[in-house]
Amino acid sequence: MVHVALKSISKVYPNGVRAVHPTSFDIDEGEFIVLVGPSGCGKSTLLRMIAGLEEITEGELSIAGRVVNDIDPAQRDIAMVFQNYALYPHMTVYNNMAYGLRNRGMAKAAIDDAVTTAATMLNLTEFLSRRPSQLSGGQRQRVAMGRAIVRNPALFLFDEPLSNLDAKLRGQMRIEIKALQRRLGVTSVYVTHDQVEAMTMADRIIVLNGGRIEQIGTPAEVYHQPASTFVASFMGAPPMNLLPAHYNGNGRVHLSETVHIEAPVTADYSGQIKLGVRPENVGIVDPAHPDALRFDLEFVEELGAGRLLHGKLGDSGLIVHIPHTDPIPGGDVYVGLPKSALVMFNHETGMRL
Amino acid sequence: MTAAADPVLVATSRVRRKLSWQTIADHAILIAGSLLMILPVFAAFMTIGASDVDISRHGMQFTDGSHLAENFSKALFIQGGFTGAITGSTMLLNSFILGIGFAIGKIVFGMMAAYAIVYFRLRFATFAFWVIFTTLLLPLEVRILPTYEVVHGMGLINTYTGLIVPLVASATATFFFRQFFLSIPEELVEAARIDGAGPVKFFIDILVPLSRTMIAAIFIIMFVYGWNQYLWPTLITTDEAMFTLVRGIKQIYQSIDGGSDIPEFGRALALAFIAILPPVLVVVIFQSWFVKGLVESDK
C-alpha cells in the first residue's frame, strides 16, 4: 500500500541552482527507505521537502493519501530526527519529548503516558529530569528518537542521525534504530552518506547523484546489480572493480587484444564498456583453468576476516577479496571472473547494459 | 645519575623563581589598579563621617566618624534642593526607574527587532538591520536637540516616559541579540517548527530561555549605562521631584540658604556613595549568574 508518494518533485533554489531534478517514487507503508549519496547529491533537500522545511518547487507530495505541498511541517503528521539532535538545551529530557505534544493541545495525562512509554522503550527513564547537556552523545540521540516516537507520526524522517557518533556507538545505534522501526512499523525515510548504514538498514535504497535518482532497489539489488558505474563505485568498500573492456556484440568481452572472456549478458551494443565485478567474486584459479587470467599481485591488505589483494589485470587495477582461511598466493597468480558475477556498463553513459 | 638530575633541578627551580616574579608583578599591577579605583571611594566614605565645618576647613578627613549616620540619613531622608521637594531616597527611586526601565526597554525592543531581522524572510531585512546599526553613529548627544523638541512636543517633559523612551531607541541591544540569534543552530528552529511552535511560541518558549545569559549580560551593561545618564535627565527633568541621583547630587550640594551656610559636603558625599552602590550590586549579582550560564554551555 502506497503511503508516501512523490510525483515529479523538484527543487530549484532562488539563485537558480537546481538541487533536485524531477523525482518520483512511492514508499509503501512500514517501509524503511534510505536515501544515500555523496554530499550535495540532493538527498537532504529531498528529505527536507518531505518534512516541509523546504518548499517544493514543482511536483506533488502526498503522505497517507493527503497532498501536503502547502501544509505546515507541524500538520504533516511527521517526526524528524536531526543530525545534531536539535534538542532544546534549556528543557529537561521529559520536556523535550513533551513539547510537541503540548503544542498540539494534548491532555496532560496522555502526554505523561506517551513520554513514559517512549522513555522505557529507549532506556531513558532515569534521565527524564536531566538536561541534554548532561547526557552523552548516544543518550542525546535517543532523546531525539524519543521526541519523534511520542508523536506517533505517520512518517519518520532521519537526517544523518548517526554521523556525530563514534564508530562503535554508530554501529550500536544503527541496530537500535532499525529494531525500533521494525517494532513500531512506522514508515521511515533515512538520509545518510554512509553506504554501510544504507546497506544494513534499508528495505529499499535510493541512490542519488547530482540531484537525480541513480537507482532504487533492495540492498542486494543495488549491491549486485548496480544500475550505473556511479552506484557500482559508491556502494561497497572496497568498491566494485571496473575494468575497461570492449564488447562487440558477439558474446565475448575483450579485456585486451588477446584476452577475452564470455559476456554475462547479450546486449545490443558494441564498443567500449566497463566490466564490473565485486572483489569477493573474483576467484583465485588454477593456471590450467580455461578462463584463467594472469594477475600481477602488488600488495596485500590484511583485514582480519579476509585479505584484499591489490594488483593489475593487464593494465587495469583489480582488487581481489579472499577469505582469511585461504593462503596468500605466491608466484604467478591467476584469477577467474565468474560469468554470473559480472556486470557490463556503457563506457560513455555509465549505465548498465 | 646525579649529573643528569642536577640540571633538571636547576631548571625547575629557575622556572619556579621566574614564575613567582611574574606572579608578583601581576599582583602588584592588579593591586595598584585596585587601589587607584578604591581609594577615592574609601576617602569619600571616611570623609562622610566628618562635619561639614571640618571638611570645608581641612579637606578630606579620615579619622572623625561621628557624623556618618547623620550624613547618610540627611542624604536619604531630609528634603533638599531649591524647592525642597526632593529627598535622596526619591532620587534613588527615580534612578532605579530609569535604570531598570531603560535596561528592560532595551532588552525587549532589541530582542524583538533582532527576532524579526534574523528569523523572518523580510525583503529588506539586511537593509533594515544596517539602518538600525547606523544609529550607533547617532548617540543621544548628537541628536539631543531634535529629540528634546520631539519629547517636548509630546508633552513628556518631567515624565518617566520622556526620561526613558528616547534613550531606549538605539542599536546596541539589537546588534548583540542579532549576533546571538545567528549563532543558534538552524536545526533547533526546524525542530520547533515540526513540534508545532508558531512564531510567538518559538520566541517565548525557546528563544527567550536560550537568551538568558545574553539578557543578563545586556541587563548589566544597560542598567549601569542608564543609571549613569547625566545629560538627558538634566535636560528633560526640570521638576526636582523627577531628579535622578546622578543628576541630583549637585543640587543637594548647592542647596545653600541665602549663601551664608557652609555647603553640605558630607551629605553630598554620602549621596555620591549611595549612587555607586546599585550598579556595583547589579554587576556582582548578575555577573555570577551570567558566568554560571556561560560555564554550563547550553548551546
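Chain letters run A, B, ... following the sequence lines, proteins first and then strands; every chain starts at 1.
- Across all non-hydrogen atoms, the minimal contact from Ile194(B) to Pro73(A) is CG1-CB, 4.0 Å.
- Across every non-hydrogen atom of Pro89(A) and Leu210(B), the tightest pair is CG-CD2, 3.2 Å.
- When all heavy atoms of Ala74(A) and Gly196(B) are compared, the closest pair comes out as CB-CA, 3.3 Å.
- The local environment of CZ in Phe129(B) is crowded, with over 12 non-hydrogen atoms from other residues, nucleotides or ligands closer than 6.0 Å.
- Atom CD of Glu55(A) is surrounded by 12 or fewer heavy atoms from other residues, nucleotides or ligands within 6.0 Å.
- Between the side chains of Asp205(B) and Tyr88(A), not a single donor N or O lies within less than 3.5 Å of an accepting N or O.
- Taken to the nearest 0.5 Å, the CD atom of Glu187(B) stands 7.5 Å off from the CE atom of Met80(A).
- Contact of the Glu186(B) side chain with the Phe82(A) side chain is not registered, since no non-hydrogen atoms from C-beta on lie closer than 4.5 Å.
- Counted within 6.0 Å of CZ on Phe120(B), heavy atoms from surrounding residues, nucleotides or ligands total more than 12; the atom is thus considered enclosed.
- There is no contact between Arg76(A) and chain B, counting heavy-atom distances below 4.5 Å.
- Using a 4.5 Å cut-off between heavy atoms, Gln83(A) contacts chain B through both its backbone and its side chain.
- Not a single donor-acceptor pair under 3.5 Å links the side chain of His90(A) to the backbone N or O of Ser211(B).
- For the atom pair CZ (Arg102(A)) and CG (Asp195(B)), the distance works out to 11.0 Å, reported to the nearest 0.5 Å.
- In this structure, chain B has a heavy atom under 4.5 Å from the backbone of Leu87(A), while its side chain stays farther away.
- Contact detail for Ala86(A) and Ala191(B): the closest heavy-atom pair is O-CB, 3.8 Å.
- With a 6.0 Å radius and a threshold of 12 heavy atoms from other residues, nucleotides or ligands, Phe25(A) has its CZ atom above the threshold.
- The local environment of NZ in Lys178(A) is crowded, with over 12 non-hydrogen atoms from other residues, nucleotides or ligands closer than 6.0 Å.
- Using a 4.5 Å cut-off between heavy atoms, Arg147(A) contacts chain B through its side chain alone, with no backbone atom that close.
- In this structure, the side chain of Glu190(B) does not engage the main chain of Leu53(A) through any donor-acceptor pair within 3.5 Å.
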